[in-house]
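Notes for the one structure printed next.
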Amino acid sequence: MIPLLLLLLLFSYLSAQTGSTGIPPNEAKTLGTYVPEDITLVDAQGKEFKLGDLKGKPIIISPIYTTCKSACPLITKSLKEVIPKVGKPGEDFWVLTFTFDPKDTLENIKEYQERYRIDGKGWKVVMGKTKEDLFRLIDAIDFRFMTVENEYIHPNLVVVLSPELQIKDYLYGVSYDRLELINALRLARGEIALPEGFRSYLFIIGMVGFVGTSVYLLYLINRILQKRKKLA
Amino acid sequence: MDRAEKLGLTMALILLLVFFSLIVYAAKGLKIDIPTCITDVEPFKEGKLIKHADKRYELHLLARMWLFDFDKGATQIKIPAGSVVDIYVTSRDVVHGVHINDTNFNIMAIPGTVGYMRVKFKKPGTYHVVCHEFCGVGHHAMEGKIIVE
């Protein structure tokens with residue numbers, strides 16, 4: 001009992017660390033849609049490139065902001081651990097750690113890249129060239145944040161795009177599982193296909209099934225009871 | 001069971017199913033933005049209009065007895081036409097309601113939680129904001145303005 005309680009305490013402590021997760025993206029809106037190719041990004045070296053330039057390999061986008069003290073460091077650390085187990089950034093896929101903070105500057109992302117020893121080639125720390133680019137990208141993946149003093153409340157996630165910049169999968173949380181990421185990348189490469197439009201209806205189909213089964217069971221029970229009454 | 005009774009029951013069931021499927025269709029098929037409630041944040045204590053970029057705003061709308069605080073006490077704000085505004089709503093005292101005329105923004109302001117919805121103000125004009133939840137003697141005068149130019 002006591003170890004269980006301790007475990008519970010540990011879990012609540014860990015979840016308290018990351019705080020609120022804000023407004024989740026509406027996957028029904030975004031999955032299967034394409035991110036505009038002409039969004040211009042700037043990497044930590046100050047080099048500009050268009051998202052379309054990265055076509056040909058899946059892209060893992062991790063939205064963060066550089067002055068984040070709670071969730072973003074955990075996200076980046078977890079990606080640092082899991083990415084080498086999945087493949088080589090730049091050869092198998094691209095990784096973009098993307099700052100959504102409109103106040104972040106080139107200095108900030110440079111510092112962030114150095115702090116986490118990110119190579120800046122296959123895995124880039126990037127920002128939007130203009131604020132318009134920034135909001136076009138976060139609107140495309142339906143990422144929303146709320147300002148609280150100098151911090152932001154935001155969902156913790158990474159987005160996986162197909163080599164054609166189609167949004168394929170979201171992974172949630174601050175730590176990512178190797179198999180989960182491999183699966184998302186296979187989905188992005190088109191090795192496994194899920195009908196995207198259908199996915200958002202799954203929950204409702206399940207619910208209708210559940211309700212239908214319960215109604216049928218109630219009907220059966222009712223019939224048996226009535227038969228008994230007749231016999232008596 | 002009586003025939004009329006049976007008919008009534010079936011009709012009611014069919015109507016319920018139709019309404020339910022319409023809700024599902026509106027949420028998933030029409031891709032309507034659904035209001036969200038954030039319960040695990042500390043609600044803000046004053047209204048604030050934050051400009052993130054051109055035509056890109058974040059509005060912290062604080063409802064209180066008996067006014068809407070849009071921006072540090074201001075009961076009306078000005079934004080350019082075509083602005084996309086992320087509107088967060090909370091209340092400082094009792095439950096209020098926030099309805100922005102001419103939009104589908106209609107959210108309860110509940111103390112302790114933050115309601116959220118995104119609005120794009122396409123047409124210029126004055127958008128009246130009214131409280132639609134009876135909140136005391138000043139309820140009828142509780143209103144604000146969002147001026148879009």
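In what follows, chains are A, B, ... by sequence order, proteins preceding strands, each numbered from 1. For the numbers below, each heavy atom of this structure counts, side chains included, while hydrogens, waters and symmetry mates do not.
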How many angstroms lie between atom CD of A:E149 and atom CD of B:E42, to the nearest 0.5 angstrom?
9.5 Å
Do other residues, nucleotides or ligands put more than 12 heavy atoms under 6.0 Å from the CG atom of A:D38?
yes
Taking all non-hydrogen atoms of both residues into account, name the closest pair between B:T36 and A:I23 and its distance.
OG1-CG2, 4.0 Å
Looking at A:E132, I'd like to know if its CD atom is crowded, meaning that more than 12 non-hydrogen atoms belonging to other residues, nucleotides or ligands lie closer than 6.0 Å.
no
Hey, are the side chains of A:M146 and B:F44 touching, using non-hydrogen atoms and a 4.5 Å cut-off?
yes
Looking at A:V148, A:D139, A:I153, A:T147, which has the largest count of heavy-atom pairs under 4.5 Å with chain B?
A:T147
Residue-level contacts of residues 112-149 of chain B with chain A, using a heavy-atom cutoff under 4.5 Å
B:V114, B:Y116, B:R118
Is the B:H52 ring parallel, tilted or perpendicular to the A:F145 ring (thresholds 30°, 60°)?
perpendicular
Just wondering, do A:M207 and B:F20 contact through their side chains at under 4.5 Å, heavy atoms?
yes
